[in-house]
Structures are given as C-alpha cells and as structure tokens.
Colleague: 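Please see the structure below; I have some questions.
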Amino acid sequence: MILRSQLAAIGRRALNAAPRAQLHLSHIGSQPIPVPESVKFVTTPTSISIEGPLGKTTLPLFPFVKIDLTEPKMMQVTVEDAEVQQQRRMWGTTRTLISNAVTGMTEGFSVPLYLVGVGYRAAIEDDPRGTADGGNGRRLNMKLGYSHSVFVPIPPHIKAEVPLPTKITLFCTDKHQLGLFAAKVQSYRKPEPYKGKGIFVNRETVKIKNVKKK
C-alpha cells in the first residue's frame, strides 16, 4: 500500500524531471513574427539583418537567442534555457526589437506632435548652418511663448512635416530613434497642468489642476 507521503515524493520527482524550458515561457517572446513577402533577413550567431522597401537594419543578438522559420513567412524567437533569468528577460525584448525592425523596414513609424497655446506655431525651414549640427540641412522653427524662437535641427533619419501651424508630423524607420527625437522636441515646452499648454505627443493628455488662491 502506497502512503500519501510516498505519493507526494513521487510527484515532486516527476516535477523535477520535467524539461526546464517548459517551466517558464515569455508570453511576448513566444509569439511568432509575421514576415511580409518584401522583407529579407540574414541571421548570424551574433546578429540579424533585416532588409525591406524602406531600407536595411542590423540588430545584435545574444548567443543564446535562436531564430527559426516555423512556417513560411513566420519567424520564431527562442532561447536555449528559459530558466536563466537573463535569457528569459531578453527573449521578449529581442522579439519586440525584431518585430519593430520588420515594421520599420516595411511601413515605418510616425507620430504627431501638437502645439497647444496662444501664439504657438511651427514651421520647417532651411538650416543656415547646414549639416554642421548633424542635421539634414533643415530645422524646425517653433514659437512656444518665449521671447525668442526655438530652432531644432532635423536629423538625417527623421522626416518631418508641418501640415498645420500647430501640428508636426515625424516619420522614421526606427521606433526608438523616433521616440528620442519626439521627446527632444517636447522638452522645449512640456505640457503644464495649470493652463494645459505645451507640446503634446500623439494622444497625450494632461490633467488640469486648480490654482490655489490665498
């Protein structure tokens, strides 16, 4: 007759004998990445190169990250041992970076910036300093309530348009670089919570506070 303690011991041994990689899964990392027909990629043990209609980019890979084609035009990211904390963390991160690179090389990323405030407006003009500041020869000229205009050189990897005096549209194939430049432009007049003025990125909102009167 098998005692209850013996059954528990058998259960623990069976659990310990299970494959370690199945104990932890990354919900993001385990999702396959659709690869459009127009995208080509080449993998090496340390990097992956992705080429599409909008250009080419290369991402570094950790040695424990593996890239496979499970189906035609479906990419799967895996790691050697999901029980290792670093591998588990980089699993989802690597999958997200590759997915963003595929989207960037096929469609690109865009974000609108809205100038909210009396007299706030923006325009694009030639930069008299040319490409001296690392720009593409064009710059943003913004009126943001200061006694002077704010000039921001546009980097070569960013495309900017001003469809309206109070709206700036930015486009880039790199989502991270797009976010960095949008944050830089916003830093010249961040949204403030008392009058609701400032530069708003995308659908950003700010909760209006009441001024305390003495």
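Quick note: numbers below take in every heavy atom, side chains included, and nothing from hydrogens, waters or symmetry partners.
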Colleague: Please tell me whether F151 and L170 are part of a single hydrophobic cluster in this structure, the criterion being side-chain heavy atoms less than 4.5 Å apart.
Modeller: no

Colleague: What I'd like to find out is whether the side chain of Q31 reaches to under 4.5 Å of the side chain of S99, using heavy atoms alone.
Modeller: no

Colleague: Would V42 and I48 count as a side-chain contact (heavy atoms from CB on, under 4.5 Å) if you check the C-alpha gap in whole Å, the side-chain angles of each, and the deciding distance to 0.1 Å?
Modeller: CA-CA 6 Å; V42 177; I48 177 172; over 6 Å; no

Colleague: Would you give the length of the straight line joining atom CE of M75 to atom CD1 of I98, rounded to the nearest 0.5 angstrom?
Modeller: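 Nearest 0.5 Å value for the CE-CD1 distance: 6.0 Å.
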
Colleague: So with a 6.0 Å cut-off around CG of L69, is the heavy-atom count from everything else above 12?
Modeller: yes

Colleague: Can a donor-acceptor pair be found between the side chains of S149 and K143 at a distance below 3.5 Å?
Modeller: yes

Colleague: Do any pairs count as a side-chain hydrogen bond (donor to acceptor under 3.5 Å, both in side chains) and have a residue in residues 202-211, sequence neighbours left out, and if so which ones?
Modeller: Q186-E204

Colleague: Which value, rounded to the nearest 0.5 Å, describes the distance between S49 atom OG and K40 atom NZ?
Modeller: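 Answer for the OG-NZ pair, S49 versus K40, is 13.5 Å.
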
Colleague: Going by the salt bridge (Lys or Arg N to Asp or Glu O under 4.0 Å) test, which pairs reach into residues 157-173, not counting sequence neighbours?
Modeller: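 Qualifying pairs: none.
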
Colleague: N100 and H176: side-chain contact (heavy atoms from CB on, under 4.5 Å), yes or no, with the steps?
Modeller: CA-CA 9 Å; N100 288 342; H176 178 65; over 6 Å; no

Colleague: Verify side-chain contact (heavy atoms from CB on, under 4.5 Å) between I158 and L178, making sure each step is shown before the conclusion.
Modeller: CA-CA 7 Å; I158 298 288; L178 178 66; 4.3 Å; yes

Colleague: Quick check: closest heavy atoms across S26 and S30, and the distance to 0.1 Å?
Modeller: O-OG, 2.7 Å

Colleague: Could you tell me which non-hydrogen atom of V79 sits nearest to which non-hydrogen atom of V65, and how far apart they are?
Modeller: CG1-CG2, 4.5 Å

Colleague: Please identify each residue that fulfils salt bridge (charged side-chain N to carboxylate O under 4.0 Å, His left out) with R121, with sequence neighbours left out.
Modeller: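 For R121 there are no salt bridge (charged side-chain N to carboxylate O under 4.0 Å, His left out) partners, ignoring immediate neighbours.
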
Colleague: Is the positively charged end of R189 above the ring of Y146, judged by distance under 6.0 angstrom from the centroid and angle within 45° of the axis?
Modeller: yes

Colleague: Flag the pair D68 / T78 as yes when at least one side-chain heavy-atom distance between them is below 4.5 Å, and no otherwise.
Modeller: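 Contact flag for D68/T78 side chains = yes.
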
Colleague: Go through the structure and list residues passing salt bridge (charged side-chain N to carboxylate O under 4.0 Å, His left out) with K66, not counting sequence neighbours.
Modeller: E80

Colleague: Is it possible for you to say whether F171 and M105 belong to one hydrophobic cluster, with membership spreading through side-chain heavy-atom contacts below 4.5 Å?
Modeller: no

Colleague: When you measure from the side chain of E192 to the backbone of K195, do you find a donor-acceptor pair of N or O atoms at a distance under 3.5 Å?
Modeller: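 Between the backbone of K195 and the side chain of E192 there is a qualifying donor-acceptor contact (under 3.5 Å).
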
Colleague: Give the minimum heavy-atom separation between T106 and S38, together with the two atoms involved.
Modeller: CG2-OG, 4.0 Å

Colleague: Is the closest side-chain heavy-atom distance between F64 and V84 below 4.5 Å?
Modeller: no

Colleague: Taking atom NE2 of H157 as the centre, does the number of heavy atoms from other residues, nucleotides or ligands within less than 6.0 Å exceed 12?
Modeller: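 More than 12 heavy atoms, drawn from other residues, nucleotides or ligands, come within 6.0 Å of this atom.
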
Colleague: Nearest 0.5 Å, please: how far is CD1 in I67 from OG1 in T44?
Modeller: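 Those atoms lie 10.5 Å apart.
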
Colleague: Should the heavy atoms of other residues, nucleotides or ligands under 6.0 Å from NZ of K73 be counted, would the total exceed 12?
Modeller: yes

Colleague: My understanding is that only residues two or more places apart in sequence, or in another chain, count here; which of them pass salt bridge (charged side-chain N to carboxylate O under 4.0 Å, His left out) with E51?
Modeller: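 For E51, no residue satisfies salt bridge (charged side-chain N to carboxylate O under 4.0 Å, His left out) once neighbours in sequence are set aside.
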
Colleague: State plainly whether one hydrophobic cluster holds both I124 and V152, where clusters connect Ile, Leu, Val, Met, Phe, Trp and Tyr through side-chain heavy atoms under 4.5 angstrom apart.
Modeller: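 Yes, one cluster joins them.
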
Colleague: Which atoms form the tightest heavy-atom contact between V201 and A182, and what is the distance?
Modeller: CG2-O, 4.4 Å

Colleague: Is W91 reaching over with its side chain to a backbone N or O of V77, donor-acceptor style, under 3.5 angstrom?
Modeller: yes

Colleague: Would you give the length of the straight line joining atom CG of L54 to atom NZ of K56, rounded to the nearest 0.5 angstrom?
Modeller: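 Output value for this atom pair is 15.0 Å.
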
Colleague: Under the salt bridge (charged side-chain N to carboxylate O under 4.0 Å, His left out) test, which residues partner R138, sequence neighbours left out?
Modeller: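 Salt bridge (charged side-chain N to carboxylate O under 4.0 Å, His left out) check on R138 returns D126.
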
Colleague: For residues T58 and S47, is any side-chain donor paired with an opposing acceptor at under 3.5 Å?
Modeller: no

Colleague: Are M142 and V185 packed together at the side-chain level, in the sense that at least one heavy-atom pair is separated by less than 4.5 angstrom?
Modeller: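 Heavy-atom side-chain distance check passes, below 4.5 Å.
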
Colleague: Any idea which heavy atoms bring G145 and Y120 closest together, and the distance?
Modeller: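 The answer is N-CE1, 3.6 Å.
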
Colleague: Nearest 0.5 Å please: distance from the CG atom of L59 over to the OG1 atom of T94.
Modeller: 9.0 Å

Colleague: Main chain of K184, side chain of S187: is a donor-acceptor contact present, judged purely on distance under 3.5 Å?
Modeller: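 Here the side-chain-to-backbone pair exists.
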
Colleague: Determine whether a donor-acceptor pair (N or O, by modelled atom type, separation under 3.5 Å) exists between the side chain of Q87 and the backbone of D81.
Modeller: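 Yes, Q87 side chain to D81 backbone: donor-acceptor pair under 3.5 Å.
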
Colleague: F181, I199: one ILVMFWY side-chain cluster at the under-4.5 Å cut-off?
Modeller: yes

Colleague: Can you confirm whether F109 sits close enough to C172 that some side-chain heavy atom of one is under 4.5 Å from a side-chain heavy atom of the other?
Modeller: no

Colleague: In this structure, are over 12 heavy atoms from other groups packed under 6.0 Å from H27 atom NE2?
Modeller: no

Colleague: Quick one: do V35 and M74 satisfy side-chain contact (heavy atoms from CB on, under 4.5 Å)? Show the steps, please.
Modeller: CA-CA 6 Å; V35 181; M74 293 295 286; over 6 Å; no

Colleague: How long is the span from the CG atom in L144 to the CG atom in L115, to the nearest 0.5 Å?
Modeller: 5.5 Å

Colleague: For a quick test of reading the model, state the closest non-hydrogen atom pair linking Q76 to G29 and the distance between them.
Modeller: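 In terms of heavy atoms, the two residues are closest at NE2-O, 3.9 Å.
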
Colleague: When you group the ILVMFWY residues by side-chain heavy-atom contacts below 4.5 Å and let the links chain together, are I33 and L61 in the same group?
Modeller: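 In one cluster with L61: I33, yes.
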
